[in-house]
J.: 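Below is the structure I would like to discuss, written out as structure tokens.
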Amino acid sequence: MRFDELDLEDEILDGLYDMNFEEMTPVQEKTIPVILDGHDIIGCAQTGTGKTAAYTLPLLNKLLLEGNDDNVIKSVIIVPTRELAQQIDQQFQGFSYYLPLSTTVVYGGGDGKGWDVQKRGMLMGSDVVIATPGRMISHLQNSGVDLSHVEYLILDEADRMLDMGFADDIMKIISFMPKERQTLLFSATLPPKIRDLAKTILRDPVEVSIAISKPNESIDQSAYICYEAQKQGIIRELFKDKSESKAIIFSSSKLKVKELTHTLKRMGLPVAAMHSDLEQAQREEVMLDFKNGHVKILVATDIVARGIDIEDIGLVINYDVPHDPEDYIHRIGRTGRADATGRAVTFVSEKEQGKFHTIERFIEREVRKAELPESVGEGPKYEPDEQRKRGRGKKGGEKQGESRDNRRRRGRGNKSGKQDRKPATSKEGGESQPAAEVAAATPSADSVSNAQAGLGEARRSPRRRHRRRRSSGKAREGIANQTGNSNSVSTAPATQAAPTTAE
């Protein structure tokens with residue numbers, strides 16, 4: 001279906017024509033007519049399907065027809081991150097090029113001047129306010145912003161906002177708005193908490209779902225089954241030949257992001273890092289350079305996993321397997337947007353095989369396993385079920401064949417004066433002997449290994465152990481300490497040294 005078949009004003013159609021927008025995506029085709037009719041909507045669509053335009057265009061059409069003679073805030077769009085707020089504002093600027101409408105973007109991280117610009121824009125009555133929850137609440141409490149005339153409320157990436165803990169903030173912002181309004185809720189997924197929120201703030205909503213939580217079919221997905229130490233070598237192989245298309249490398253930690261960026265810079269590649277340690281001005285500069293092509297490779301945490309619409313991203317690499325299958329969808333959704341094709345590669349270490357298998361079950365397909373480059377050597381086999389069994393075995397702690405690491409950990413615990421089990425006793429009678437003494441009397445390969453490593457109770461002689469036990473017993477009986485002062489009793493040091501026998 002074409003945009004010019006909709007009942008949109010000529011000024012909006014002119015803007016779409018200039019931007020070469022002709023055909024609607026499925027989510028736009030299903031939602032725009034419903035929004036134009038005034039219904040509330042709960043929309044679920046994967047990233048990159050055009051849902052921003054799905055609510056932007058009908059909202060602009062309504063604001064154009066109604067006007068804003070009183071110079072009040074008529075519509076509010078709440079989003080989880082400043083990057084998404086900026087992205088939506090840019091789309092508004094393009095679609096409303098021929099319209100006498102104003103927007104104000106409200107987010108934190110800037111200086112006092114940015115606060116004043118945001119405050120002035122809202123007090124003057126912007127037609128559209130695009131805001132992050134925390135910053136909007138700050139303005140409501142300190143700037144005298146009036147939301148009592150809001151007629152349209154849009155929540156974008158609602159599932160992520162709830163994951164980030166913004167549920168109470170959203171409800172507080174809504175409490176400043178009139179109950180009679182049109183509310184549009186868009187989310188990539190529809191878990192129970194989103195449906196509970198929808199029941200609270202929406203009135204008889206129309207539900208629209210497009211390809212819920214499934215990757216775009218135009219994305220070529222593959223995985224390298226590797227050891228953790230091989231990952232940087234694979235990165236070097238993938239980028240040894242320069243490409244004109246852009247790439248994003250996702251990692252779950254800021255430290256790895258910084259290390260990868262350093263590695264790629266040493267290879268002479270145009271790369272930049274994006275993580276939460278950067279100041280707002282730095283983040284904006286990085287994103288602008290990436291969008292303009294001055295930076296070809298962006299190494300980032302999940303801060304850019306959603307809502308960032310940048311053209312010509314041909315490759316997405318998951319350096320670490322995401323913890324949540326839905327995060328995998330959002331990450332690889334940065335490529336293959338609209339009708340473009342893209343490639344998504346995931347590095348799967350031994351410990352990550354179980355998580356990746358969960359992702360495969362979630363997307364209902366087996367991801368192709370690529371052959372490792374010869375330069376990095378052979379990798380492990382892909383055996384996610386075996387990895388889970390091994391993990392459960394170690395977690396349960398088998399009594400027979402106990403691992404050396406477990407013995408070492410128990411040895412370190414005894415060394416610090418802590419013991420998890422009662423001492424084993426000798427069947428030959430006499431005083432009870434700790435199990436470690438028996439082990440010391442009868443050397444084994446394991447005890448020798450522990451002695452060589454400087455760990456465990458095998459290092460201590462029986463005589464030294466008895467001295468510690470006797471001194472501990474005297475301390476518990478309240479005998480004076482070694483200073484010779486009979487009126488001064490100090491039990492703390494002896495208590496620390498005494499082994500605990502309670503299970």
J.: With side chains defined as the heavy atoms from C-beta onward, is the minimum distance between Glu180 and Arg203 less than 4.5 Å?
T.: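 Side-chain contact under 4.5 Å: yes.
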J.: Rounded to the nearest 0.5 Å, how far does SG of Cys44 lie from NZ of Lys51?
T.: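 It comes to 8.5 Å.
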J.: Should the pair Arg368-Glu360 be classified as a salt bridge under the 4.0 Å nitrogen-to-oxygen rule?
T.: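 Looking at Arg368 and Glu360, the cut-off is not met.
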J.: If you round to the nearest 0.5 Å, how far is CD1 of Ile359 from CG of Asp324?
T.: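 Separation between the atoms: 8.5 Å.
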J.: Using the rule side chain to side chain donor-acceptor pair (under 3.5 Å), only one of Arg82, Gln86, Arg135 pairs with Tyr107; which is it?
T.: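 Testing each of Arg82, Gln86, Arg135 against Tyr107, the sole residue satisfying side chain to side chain donor-acceptor pair (under 3.5 Å) is Gln86.
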J.: State, yes or no, whether a side-chain contact exists between Pro205 and Leu185 at a heavy-atom distance under 4.5 Å.
T.: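 They are not in contact (no side-chain heavy atoms under 4.5 Å apart), so the answer is no.
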J.: Test Thr104 against Gln118 for side-chain hydrogen bond (donor to acceptor under 3.5 Å, both in side chains), laying out the working first.
T.: CA-CA 7 Å; Thr104 297; Gln118 296 168 11; over 6 Å; no
J.: With a 4.5 Å limit on heavy-atom distance, are the side chains of Leu238 and Tyr224 in contact?
T.: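 Yes; the side chains approach each other to less than 4.5 Å.
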J.: Should the pair Glu259-Lys254 be classified as a salt bridge under the 4.0 Å nitrogen-to-oxygen rule?
T.: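 Not counted as a salt bridge, because no side-chain N and carboxylate O are separated by less than 4.0 Å.
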J.: Quick check: does any side chain N or O of Ser96 sit under 3.5 Å from a backbone N or O of Leu99, one acting as donor and the other as acceptor?
T.: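 Absent.
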J.: State whether the side chain of Asn318 and the backbone N or O of Val321 hold a donor-acceptor pair below 3.5 Å, judged by distance alone.
T.: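 No.
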J.: For the residue pair Lys74 and His149, confirm or rule out a side-chain donor-acceptor distance under 3.5 Å.
T.: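 No.
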J.: Whether Arg361 and Glu364 form a salt bridge (side-chain N of Lys/Arg under 4.0 Å from carboxylate O of Asp/Glu) is what I want to check.
T.: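 No salt bridge links Glu364 with Arg361.
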J.: Determine whether Ile225 and Pro380 make a side-chain contact, defined as any pair of heavy atoms from C-beta on separated by less than 4.5 Å.
T.: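 A side-chain contact exists here, since the closest heavy-atom pair is under 4.5 Å.
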J.: Can a donor-acceptor pair be found between the side chains of Gln221 and Tyr328 at a distance below 3.5 Å?
T.: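 Yes, a side-chain donor-acceptor pair sits under 3.5 Å.
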J.: Salt-bridge test for Lys231 and Glu352: reply yes if a basic N is under 4.0 Å from a carboxylate O, no otherwise.
T.: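 Judged by the 4.0 Å cut-off on N to carboxylate O distance, Lys231 and Glu352 do form a salt bridge.
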J.: Ignoring hydrogens and geometry beyond distance, is a side-chain donor-acceptor pair present between Asp320 and Ser251 at under 3.5 Å?
T.: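 Ser251 and Asp320 do have a side-chain donor-acceptor pair below 3.5 Å.
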J.: Tell me whether Glu5 contacts the main-chain N or O of Arg2 through its side chain, where contact means a donor paired with an acceptor under 3.5 Å.
T.: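 Judged by distance alone, yes, a pair lies under 3.5 Å.
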J.: With a 4.0 Å cut-off, would you call Lys193 and Asp159 a salt bridge?
T.: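 Here Lys193 does not pair with Asp159 in a salt bridge, since their nearest N and O are not under 4.0 Å apart.
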J.: If you apply the rule ring-ring contact (aromatic ring centres under 6.0 Å, His included), what do you find for Tyr152 with Tyr55, and how did you get there?
T.: CA-CA 11 Å; Tyr152 308 102; Tyr55 63 75; over 10 Å; no
J.: Hey, is Glu285 close enough to Lys291 for a salt bridge, meaning N to O under 4.0 Å?
T.: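 Salt bridge absent between Glu285 and Lys291.
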J.: Going by atom types only, do Thr263 and Gln232 share a side-chain donor-acceptor pair under 3.5 Å?
T.: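 Gln232 and Thr263 do have a side-chain donor-acceptor pair below 3.5 Å.
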J.: Do we see a donor-acceptor contact under 3.5 Å between the side chains of Thr103 and Gln93?
T.: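 Yes, because at least one side-chain N or O of Thr103 sits under 3.5 Å from a partner of the opposite role on Gln93.
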J.: Main chain of Gly50, side chain of Gln28: is a donor-acceptor contact present, judged purely on distance under 3.5 Å?
T.: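 Side chain of Gln28 to backbone of Gly50, a donor-acceptor pair under 3.5 Å: yes, one is there.
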J.: So, do Ile317 and Ile248 sit near enough that their side-chain heavy atoms are less than 4.5 Å apart?
T.: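 No. Closest side-chain heavy atoms not under 4.5 Å.
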J.: Taking Glu207 for its side chain and Ile42 for its backbone only, find out whether a donor-acceptor pair lies under 3.5 Å.
T.: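 Side chain of Glu207 to backbone of Ile42: no pair is present.
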